[in-house]
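First comes the structure, then the notes that go with it.
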Amino acid sequence: MSETKIRTVLGDIDAALLGRTDAHEHVFLSSPMLTGDEFQDVDKAILELRMVKQSGIDALVDLTTIGLGRKPAALAAVSRDTGVHIVAATGYHRDAHYRADHWIYTATRDQLLDAVITDIQTGMDASDWATPFRETTSARAGIIKAGASYQRITGTEQLRLEVCAEAAVRTGVPLAVHTEVGTAADSILDVVESVGLPASRVLLAHLDRNPDADLHEQLIQRGATLVYDTVGRIKYRPDSQLLDLCAELVERGHASHLTLGTDVGRRGMLKAYGGGPGMDVLGRSFVPRLQQLIGADCVSTLLVDTPRRFLSIEGARQ
Ligand SMILES: [Zn+2]
């Protein structure tokens, strides 16, 4: 029997080697929604990831999608330099992140699907523009990301969500979906199941913005995995509330479907740019507090076992 593999930007690795994982991160990002707050500097990314490594985190899931400044070749360089495993994303974010004249709105379903599958099987597009001006790098994507709006999935988001779910079925890599303030999660699972992707292959992001333990339990009972990814985002609520929510879900027996991330999405949140709390806030500050609350073994389930299971490429397909 072959080992379970996880696809990183430096190649496929034995899943057992992934280590402690921040399951929602952005090494580089540039979006029309974040004008003036983009981060694209390679040296600063190396500085930030060195701090992440020092905080005890071994791997990041980079959920920057097509068209939002992924910089695939630089991701590989940053991973090589810092020793942090990076699982990079392909796929498409929610409508708000693309200008009205972006090619994703005029591309056919087959073109959208082809760009995602090529990113996974051959290598990510360097220009981030994809078809037809593709410049393929050697760094392959190991996860797909889609996105939905607040309380609803627009028509164009649904098309791209279906495409992303179909690509997950065909390639065996998992699907992460951005929820806006933790809403519309059940509708998202309905759409992905309608194209044949089981909820067990879906990671729902930002559910902690909607800190409703009963809802989270229902989504997990449908098979989904959740990432609580607003660690250190004090403007939303104090970390103490997020710690209590983690403890509640673990108490209910759901540690194997729960994982953690910081989702640094703005330049002003990065120490390398003079901001805060820094991408290392998870390992440096949150993890020690969570260990006090639920014990080191449970934290290890959230940081190591859940990401390892979820990120593993399914079956022989790839
Ligand atoms: Zn994000």
Side-chain angles (χ1 to χ4, degrees), residues 9 21-35 37-40 45 48-49 52 57 59-72 75 78 84 86-98 104 116 119 124 128 141-150 153 157 160-161 164 173-185 188 202-210 224-237 242 258-270 272-273 275-282 286 307 310-311:
V9 291
T21 303
D22 175 337
H24 186 168
E25 208 43 82
H26 299 279
V27 179
F28 303 109
L29 191 65
S30 171
S31 159
M33 273 191 76
L34 302 168
T35 311
D37 228 350
E38 52 279 291
F39 42 103
Q40 294 276 279
E48 197 76 31
L49 265 70
V52 169
I57 298 293
L60 301 178
V61 180
D62 182 299
L63 290 179
T64 306
T65 62
I66 289 173
L68 297 184
R70 294 179 298 177
K71 297 172 77 86
L75 281 180
V78 169
V84 177
I86 299 175
V87 178
T90 179
Y92 309 97
H93 212 313
R94 68 192 176 103
D95 289 346
H97 285 283
Y98 299 96
I104 63 161
V116 171
D119 274 355
M124 292 188 284
D128 237 13
I143 190 166
I144 305 165
K145 161 135 172 225
S149 291
Y150 180 64
I153 308 168
E157 285 165 353
R160 298 196 301 270
L161 178 56
C164 288
V173 309
L175 173 68
V177 186
H178 167 98
T179 68
E180 189 66 11
V181 200
T183 62
I188 288 164
V202 179
L203 180 71
L204 293 168
H206 309 312
L207 264 293
D208 48 334
R209 294 290 314 277
N210 181 10
T225 300
L226 312 185
V227 53
Y228 289 168
D229 45 18
T230 58
V231 171
R233 217 74 61 78
I234 308 307
K235 66 179 181 181
Y236 297 146
R237 32 100 272 261
L242 188 52
L258 182 63
T259 185
L260 299 167
T262 70
D263 186 24
V264 162
R266 292 173 181 275
R267 181 192 302 184
M269 294 166 64
L270 293 164
Y273 289 86
M279 204 185 280
D280 64 347
V281 66
L282 176 64
F286 194 81
F310 181 74
L311 293 166

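Ligands are counted one by one from 1 in listed order, and the atoms in each one are counted from 1 as well. Heavy atoms only: backbone and side chains are in, while hydrogens, waters and symmetry mates are out.
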- N210 side, atom CG; L204 side, atom CG - distance, nearest 0.5 Å: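 Rounded to the nearest 0.5 Å, the CG-CG separation comes to 11.5 Å.
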- Message: Please find the pair of heavy atoms, one from A45 and one from V78, that lie closest to each other, and give the distance.
- Response: CB-CG2, 4.1 Å
- Task: Take D62 and H26, measure what side chain to side chain donor-acceptor pair (under 3.5 Å) needs, and give me the verdict at the end.
- Result: CA-CA 5 Å; D62 182 299; H26 299 279; 4.7 Å; no
Residues that [X] engages under side-chain hydrogen bond (donor to acceptor under 3.5 Å, both in side chains), provided they are two or more places apart:
X    : answer
R233 : none
Y98  : T65
E25  : T262

- Task: Please indicate how many protein N/O/S atoms are found closer than 2.8 Å to the Zn ion (ligand 1), with waters neither displayed nor included.
- Result: 3
